Amino acid sequence: MDYDVIILGGGANGTGTARDCAMRGLRVLLLEKADFGVGASGNSSGMIHGGIRYMLSDRHVTALACRDSGYIQRIAPHLLFRIPFLMPFTTRAAGATLRDRAAWYATEVYVGTYDLFQPLKRGKPSTRLSADELYRLEPGLRPGLRGAVTLDEWGIDAFRLCALNALSARAHGAELRTWTAAREILAEGGRVRGVRFRDALTGEEGEARAPVVFNATGAWSPALARRSGAAVPMRPGKGVHLTLDRRYSNYGVILSAVDGRQMFVMPHESESIVGTTDDDYYGDPDDLEATNDEVEYLVEGAASLLPGVRNARITRAWCGLRTTIYAYGPNEDALSREHQLHDGAAYGRAGLLSLVGGKLASYRAQAEEATDRIVALLGRAPVPCRTHEEPLPGGDEVPDPAALARAHPVAAPVAARLVYRHGGRAREILRLLEEDPRLGLVLCRDEGILAAEVVHCVRHEQVRRLQDLRRRCRLAVGACAGLDCARVAAQLAARELGWSPEQVRAELADLLDAGWRERRPILDGAQLVQEELVRGAHAAAGAPW
Amino acid sequence: MVSPRAVAADVLVVGGGMAGAIAALAAREAGARVVLARRAPGATALSSGAIGVAPDPLALPGEPLRAAREPLEAARRLARLRPDHPYAVLGERLGALPEALAFAARVLAPLLAPPLERPRFLATPFGTAVPAALCQRSQAAGDLLAVDGALVVAGLRGHLGLDAALAAAGLERYRARGGPRAFAVEVDPGLGEVGLFRPHELARALEPPGAAEALGRAIRAALPAGAGAALVPPVLGLRPEARVPERVAAAAGIPVAELLADVPSVPGVRLQAALEAALAAAGVEVVQGALQGAGPGKPAMVGADEITAPRWVLATGRFVGGGVVRRGTLREPVLGLPVQAAEGREAGVDLAARPAASLTGAARSGPQPLLSAGLRVDALLRPLDGRGRPAADGLFAAGAVLGGHEQASDGTGLGVAILTGYLAGRAAARPGGGE
Ligand SMILES: Cc1cc2nc3c(=O)[nH]c(=O)nc-3n(C[C@H](O)[C@H](O)[C@H](O)COP(=O)(O)OP(=O)(O)OC[C@H]3O[C@@H](n4cnc5c(N)ncnc54)[C@H](O)[C@@H]3O)c2cc1C
Ligand SMILES: Cc1cc2nc3c(=O)[nH]c(=O)nc-3n(C[C@H](O)[C@H](O)[C@H](O)COP(=O)(O)OP(=O)(O)OC[C@H]3O[C@@H](n4cnc5c(N)ncnc54)[C@H](O)[C@@H]3O)c2cc1C
């Protein structure tokens with residue numbers, strides 16, 4: 001056999017499991033049909049939360065999630081940021097009914113109980129805010145609110161989380177192939193024996209053999225399973241987020257949508273994120289776009305507490321598919337289990353393990369559990385997991401951005417973004433400027449992307465297509481939509497990867513396509529002006545149309 | 001307090017981009033008193049420098065560059081394929097295209113090279129060639145059919161903006177179609193640390209005495225044998241009067257031309273400056289500010305000025321210029337004219353209120369009704385109301401405010417602005433308008 005285990009899918013669960021397996025000495029191949037994080041992981045809200053939702057059904061899950069949140073802070077401190085959330089009381093004190101008062105009280109008790117878990121993830125205890133205090137913190141909230149409770153959570157750049165797990169797996173000897181899809185899971189005599197794959201960029205087809213296949217293809221699993229004569233039952237749900245061009249709140253704000261569902265608005269870097277919708281989705285997972293009503297729904301909901309959002313410049317609408325356990329159980333047990341590992345032995349695919357569900361926040365614990373199972377399936381002696389101890393690449397010795405900016409010819413905000421995205425590796429990136437001062441050029445002023453960062457990512461972070469840089473360093477995802485940065489970044493990548501002029505244009509077209517799909521449903525006001533600019537400038541300079 | 005000023009004119013042009021400026025100059029030449037009101041530079045000031053009339057939609061991919069049709073024939077072919085396009089809407093008036101181009105070349109003579117019978121083929125940073133009906137003098141020597149010998153793409157040392165090797169490798173492809181051989185070299189412009197300069201900063205740095213000459217000498221030193229012309233990044237001076245292209249070429253000893261630009265576009269800034277100079281020279285009164293008014297014959301306000309003219313040319317551009325805006329629905333903000341023209345089937349009275357996703361296609365390339373939305377006009381360039389009748393007496397429209405075309409998807413931008421500006425300006429100069 002070529003490998004001990006083949007892992008399908010490069011989301012948080014696939015890359016996390018690849019890392020764990022490789023760290024435990026297994027020979028690992030990971031196949032990702034596109035790029036790390038393109039599925040649910042990168043398109044999630046990126047909240048490494050403690051699962052407050054499960055407190056009523058299973059406090060054990062909450063404790064577990066909080067502890068894992070703490071672990072992620074230990075292994076990737078640079079990538080996490082604290083988001084204090086405010087949960088405003090929406091009814092007026094004057095007209096409050098007994099039920100309103102009971103609800104306020106319940107919220108406080110609920111959040112107060114959650115506080116008991118906060119130390120596990122180094123969160124601050126919740127605070128009860130009066131109306132005065134609330135408006136001092138968030139003057140943009142609509143008038144008439146009675147107060148709020150605070151709730152400390154953590155956010156992460158989920159694309160980079162996936163990439164870092166992948167890079168760490170690679171450093172531990174795993175082989176990872178992006179833009180390479182598993183076409184079929186191969187089986188023989190009731191056991192899996194490997195997969196057939198195809199490289200989308202070279203057209204290369206091949207087979208890889210292993211006694212264990214771990215299927216972490218998320219919403220794509222049912223289709224892959226069907227093609228391979230197996231079955232993975234699940235209920236896919238589509239979730240849409242909007243990005244607004246600037247901060248509409250200083251804190252995360254939890255609010256209700258028109259139908260009463262919980263939503264949020266939260267600051268991320270210089271932008272705001274509004275999320276999410278949640279609807280069943282049985283369409284093609286490769287053809288996912290936000291619709292007009294989803295955009296409207298989110299704007300309406302957000303504007304109900306933050307009226308300014310109604311005039312906001314929406315810069316993109318992005319979506320992902322949640323995989324929910326099929327027939328989400330009426331019983332406590334099914335509810336509390338956030339994820340399931342399906343064993344293929346039941347249908348003649350011994351050695352096939354498929355993951356359903358599995359939050360981003362607890363990806364590490366899920367990967368640990370999956371790896372334990374994989375080791376057992378291989379009949380190996382248990383090896384202890386160390387993924388919560390060893391830092392992810394860049395997670396050790398995270399430099400102080402201000403000191404970095406003093407030591408190198410870059411502005412402080414640029415250094416800060418570099419440290420956020422790359423942690424300790426920001427030093428390596430800035431060292432590139434010593435050899436080639438041109439790489440100190442800030443390609444995108446929206447996102448503070450240095451030319452050196454592009455070169456570093458292309459050299460060291462498994463970039464095969466230009467659009468991979470959307471996920472590694474946010475190339476062309478800001479409000480500017482790639483106006484300044486896209487062409488020069490394409491040239492830099494071309495130099496590193498030896499692209500021909502035709503390839504450069506094809507890659508640029510592909511990058512612009514990806515952005516277009518996210519902006520199409522939101523084009524209005526200033527963002528529509530920007531679209532005309534981007535189209536005009538790239539077409540005039542010879543990008544393919 | 002500035003005291004209000006009442007100004008009377010024959011023609012009021014709203015908008016100071018290519019369409020508005022050409023309309024004002026054409027009306028002025030026809031003897032009218034012209035006032036032009038403009039808020040800010042628009043799309044014209046951001047354009048790459050190539051003035052595209054129309055790429056020939058029926059040209060075969062591998063055909064020799066010399067086989068290219070003259071711009072009028074290419075525009076006619078486009079009109080036959082695209083009934084919503086302004087070229088089609090104009091009907092037989094499309095025949096005025098050569099005259100309009102010649103007019104633009106004449107009034108912008110210090111900047112623009114005289115038109116040829118055929119388009120010029122100008123190089124982009126990717127080493128592709130774009131057909132241009134008109135271009136700046138600083139670009140003409142780069143015409144792939146005009147280079148006598150090899151074409152040398154010169155990157156500037158210390159600057160990331162242009163990857164000369166990439167551009168040269170791309171241009172090699174045109175050899176089979178009659179283009180020149182292409183080489184890449186790197187030259188040191190002698191400006192010190194230019195690595196972090198933006199295009200316009202480089203352009204300014206090349207203006208002082210000695211700077212352009214140093215670049216020219218560096219190009220001369222780097223030239224391989226057999227070089228016929230050199231292509232450099234589009235940074236040869238911001239102010240036309242600094243004569244940077246001429247100075248660089250003189251020192252280099254061969255013709256030197258600029259590549260086409262993206263934004264920020266130095267050639268675009270020069271084009272806008274040349275338009276302003278032409279307006280001043282022709283005696284067009286330019287008023288700075290956003291115009292508010294109710295249409296021809298009624299007083300309009302621009303800042304403290306009150307302007308009254310019996311005939312107007314609306315040349316307010318599209319989204320970048322501000323002639324069409326969208327806040328939930330598409331609107332023409334100056335006169336509230338209906339926005340009902342666009343590429344494809346979505347056009348019509350319902351266009352304006354449709355959601356963004358319904359007005360766009362999933363594939364980025366190809367016509368996008370939302371991006372080509374604008375006014376619908378008749379063959380005399382009179383904006384039409386919801387019932388298809390001229391919206392107001394004495395009102396004309398020109399340039400990107402007209403719907404049914406988009407430079408990104410069909411290659412027609414400044415060419416439409418010149419033709420429609422010219423026709424609208426001349427029509428507005430005549431009392432009674434039109435015929
Ligand atoms: C809108 C939304 C918001 C969310 N918010 C949060 C949150 O705040 N916190 C949280 O903890 N969780 C959140 N989640 C849930 C979380 O994102 C997912 O549970 C988690 O990311 C699942 O990771 P995964 O690796 O299993 O799947 P995915 O990330 O979907 O990865 C599957 C991968 O498999 C690849 N693939 C598919 N087919 C093949 C094939 N044939 N061969 C090779 N590769 C293939 C895909 O390209 C994809 O990259 C959210 C989910 C959504 C949709
Ligand atoms: C980035 C980019 C690159 C391009 N490159 C090319 C190219 O290389 N070749 C090409 O042929 N085409 C190109 N185009 C298309 C071309 O630039 C436009 O089609 C053309 O410039 C439109 O000219 P215009 O005069 O109609 O509008 P604009 O140049 O936009 O001018 C509109 C004017 O109207 C004014 N205005 C608007 N409202 C008011 C008001 N209420 N009161 C007063 N003034 C007002 C604005 O301030 C502005 O001065 C490009 C477009 C873009 C966006």
Side-chain angles (χ1 to χ4, degrees), chain A residues 287 289-293 295-296 311 317 409 436-443 451 483-484 486-488 490-492 494-495 499-502 504-505 508-509 512-517 519-526 528-545, chain B residues 43 46-50 52 123-130 158-163 165-167 169-173 193-196 259-265 318-320 322 325-328 355-366 368 370-371 400 406-409 411 413:
Chain A
D287 189 16
E289 273 189 24
T291 62
N292 287 306
D293 18 324
V295 173
E296 280 303 308
N311 297 316
D436 188 348
R438 295 179 308 175
L439 299 181
L441 186 70
V442 181
L443 292 187
L483 183 64
D484 266 4
R487 182 173 63 80
V488 177
Q491 287 173 189
L492 290 169
R495 213 175 293 178
W499 286 339
S500 70
E502 286 76 16
V504 181
R505 293 178 71 236
L508 184 58
L512 296 174
D513 285 346
W516 168 253
R517 281 193 294 273
R519 290 192 302 274
R520 194 163 84 82
I522 54 88
L523 289 177
D524 199 40
L528 179 54
V529 175
Q530 184 70 17
E531 195 68 32
E532 188 185 34
L533 256 178
V534 171
R535 287 169 67 86
H538 283 298
W545 230 270
Chain B
L46 297 162
S47 61
S48 73
T124 71
F126 296 105
T128 56
V130 171
H159 201 254
L160 283 181
L162 170 69
D163 186 330
L166 188 76
L171 288 170
E172 271 293 304
R173 204 180 12 201
E193 281 293 316
V194 298
L196 308 185
L259 285 150
L260 297 179
D262 44 18
V263 286
S265 165
R318 199 165 295 157
F319 304 116
V320 170
V325 297
R326 189 175 188 278
R327 270 258 164 241
S358 315
L359 291 177
T360 50
R364 171 186 55 97
S365 47
Q368 299 291 356
L370 180 56
L371 274 303
E406 190 210 358
Q407 166 254 351
S409 72

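Sequence lines set the chain letters: A, B, ... in the order given, protein chains first and strands last, and positions in each chain run from 1. Both backbone and side-chain heavy atoms feed into the values below; hydrogens, waters and symmetry mates do not. Owing to the predicted nature of the structure, the values given are computational and were not obtained by experimental measurement.
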Are side-chain heavy atoms of B:Gln407 and A:Arg535 found at a separation under 4.5 Å? no
Looking only at B:Gly170, B:Ala362, B:Ala169, most heavy-atom pairs under 4.5 Å shared with chain A are made by B:Ala362
Looking at chain B, which one of A:His538, A:Arg495, A:Glu531 has the largest number of heavy-atom pairs inside 4.5 Å, strictly under? A:Arg495
Pick one of side chain, backbone, both or neither for A:Arg519, based on which atoms fall under 4.5 Å of a heavy atom in chain B. neither
Short side-chain to backbone donor-acceptor contact, A:Trp516 and B:Gly361, under 3.5 Å: yes
Please state whether the side chain, the backbone, both or neither of B:Glu172 comes within less than 4.5 Å of a heavy atom of chain A. neither
Side chain to side chain, A:Arg487 and B:Phe126, heavy atoms closer than 4.5 Å: yes
Per-residue contact mode, A:Pro544 against chain B (heavy atom under 4.5 angstrom): backbone
If you take all heavy atoms of B:His159 and A:Arg438, which pair is closest and at what distance? N-CD, 3.5 Å
Heavy-atom proximity to chain B below 4.5 Å, by part of A:Leu512: both
Residue part contacting chain B, namely of A:Arg517, when any heavy atom lies under 4.5 Å: side chain
Measure the shortest side-chain to side-chain distance between B:Pro264 and A:Asp484 over non-hydrogen atoms and say whether it is less than 4.5 angstrom. yes
Winner by heavy-atom pair count (cut-off under 4.5 Å) against chain A, out of B:Leu359, B:Leu370, B:Val130: B:Leu370
Checked B:Arg327, B:Arg318, B:Gln368, B:Arg326 vs chain A; the most non-hydrogen pairs under 4.5 Å come from B:Arg326
Atom group of B:Ser265 that falls short of 4.5 Å from chain A, counting heavy atoms: neither
Does the side chain of A:Trp499 reach to within under 4.5 Å of the side chain of B:Leu166, using non-hydrogen atoms? no
Assert top hit (heavy-atom pairs under 4.5 Å, partner chain B, pool A:Ala509, A:Ser500, A:Gly515) equals A:Ala509
Using heavy-atom distances under 4.5 Å, tell me whether B:Ala363 contacts chain A through its side chain, its backbone, both, or neither. backbone
Side chain, backbone, both or neither: which part of A:Ala451 has a non-hydrogen atom closer than 4.5 Å to chain B? side chain
Among B:Leu371, B:Thr128, B:Leu46, B:Val325, which residue forms the greatest number of heavy-atom pairs with chain A at distances under 4.5 Å? B:Leu371
Under 4.5 Å from any heavy atom of chain B - which part of A:Gln530: neither
Examine whether an atom of B:Leu259 lies under 4.5 Å from a heavy atom of chain A, and if so say whether it belongs to the side chain, the backbone or both; otherwise answer neither. neither
Taking A:Asp524 for the side chain and B:Gly328 for the main chain, is one N or O donor matched with an acceptor at less than 3.5 Å? yes
